[in-house]
Enquirer: 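Quick one: the structure is below, questions incoming.
For reference, positions follow the sequence shown, starting with 1.
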Amino acid sequence: METYQFTNEKALNKFYEMISAKKRNGFVVVEHNEKLPYVVLSKEKKVIKHTLHLLLTCLTFGLWSIVWLYLIVTLSRKRSILVAVDEDGNLFEDKCLSI
């Protein structure tokens, strides 16, 4: 029985480069599979200092509230992504559901 190799070395190099770039950006490897090259990466939510933002909102007469709301929406949730190589050797990234 012969085995079929899904990916070539060029695609695997790009795959590992993308993983290392995500790790430098703060992601942590949750699950890794070498046979079917995919990795699940996770980034914890960041703590927002609400008292500081309330003070800045009062000092700027409410204008800082736009920035504050943006930070709440983008930073206050856990993010998980899947990075993988498909059968054709194409690299892709997809969001995972996280609680």
Enquirer: List for me each residue that meets side chain to side chain contact (heavy atoms under 4.5 Å, CB included) alongside Thr74, sequence neighbours excluded, and say none if there are none.
Expert: Tyr70
Enquirer: Backbone N or O of Asn90 within a donor-acceptor pair of the Asp88 side chain at under 3.5 Å?
Expert: no
Enquirer: Any non-hydrogen side-chain atom of Leu12 less than 4.5 Å from a side-chain atom of Pro37?
Expert: yes
Enquirer: Please determine whether side chain to side chain contact (heavy atoms under 4.5 Å, CB included) holds for the pair Val73 and Leu69, giving the CA-CA distance in whole Å, both sets of side-chain angles, and the decisive distance to 0.1 Å.
Expert: CA-CA 6 Å; Val73 170; Leu69 287 173; 5.5 Å; no
Enquirer: Let's go through Ser80 and Lys95 carefully: what are the C-alpha distance in whole Å and the side-chain angles of both, what is the deciding distance for side chain to side chain contact (heavy atoms under 4.5 Å, CB included) to 0.1 Å, and is it a yes or a no?
Expert: CA-CA 6 Å; Ser80 296; Lys95 293 180 183 177; over 6 Å; no
Enquirer: For a side chain to side chain contact (heavy atoms under 4.5 Å, CB included) check, start with the C-alpha distance between Ile81 and Lys22, then their side-chain angles and the critical distance, and finish with the verdict.
Expert: CA-CA 10 Å; Ile81 59 171; Lys22 295 290 182 185; 3.9 Å; yes
Enquirer: Report yes if the side chains of Lys45 and Leu75 come closer than 4.5 Å at any heavy-atom pair, otherwise no.
Expert: no
Enquirer: Tell me, please, which residues at least two apart from Glu44 pass side chain to side chain donor-acceptor pair (under 3.5 Å).
Expert: none
Enquirer: Considering residues at least two apart in sequence or located in another chain, which fulfil the side chain to side chain donor-acceptor pair (under 3.5 Å) criterion with Lys43?
Expert: none
Enquirer: Test of understanding: with side chain to side chain donor-acceptor pair (under 3.5 Å), list the residues that count as partners of Glu17, not counting sequence neighbours.
Expert: none
Enquirer: Going by the rule side chain to side chain contact (heavy atoms under 4.5 Å, CB included), which residues pair with Asn13 if we only count those two or more places apart in sequence or in a different chain?
Expert: Glu9
Enquirer: Got a sec, which residues hit side chain to side chain contact (heavy atoms under 4.5 Å, CB included) with Lys23, two or more places apart in sequence or on another chain?
Expert: Ile19, Val29
Enquirer: For Leu55, what are the other residues in its hydrophobic cluster, where any two members join if their side-chain heavy atoms are less than 4.5 angstrom apart?
Expert: Leu59
Enquirer: Please identify each residue that fulfils ring-ring contact (aromatic ring centres under 6.0 Å, His included) with His32, with sequence neighbours left out.
Expert: none
Enquirer: Give the table of side-chain donor-acceptor pairs shorter than 3.5 Å for residues 46-53, with sequence neighbours excluded, one pair per line with atom names and distance.
Expert:
| residue | atom | partner | partner atom | Å |
| --- | --- | --- | --- | --- |
| His50 | ND1 | Trp68 | NE1 | 3.1 |
| His53 | ND1 | Trp64 | NE1 | 2.9 |

Enquirer: State which residues pass side chain to side chain contact (heavy atoms under 4.5 Å, CB included) with Leu91; sequence neighbours excluded, sorted by chain then number.
Expert: Lys14, Phe15, Met18, Val83, Val85
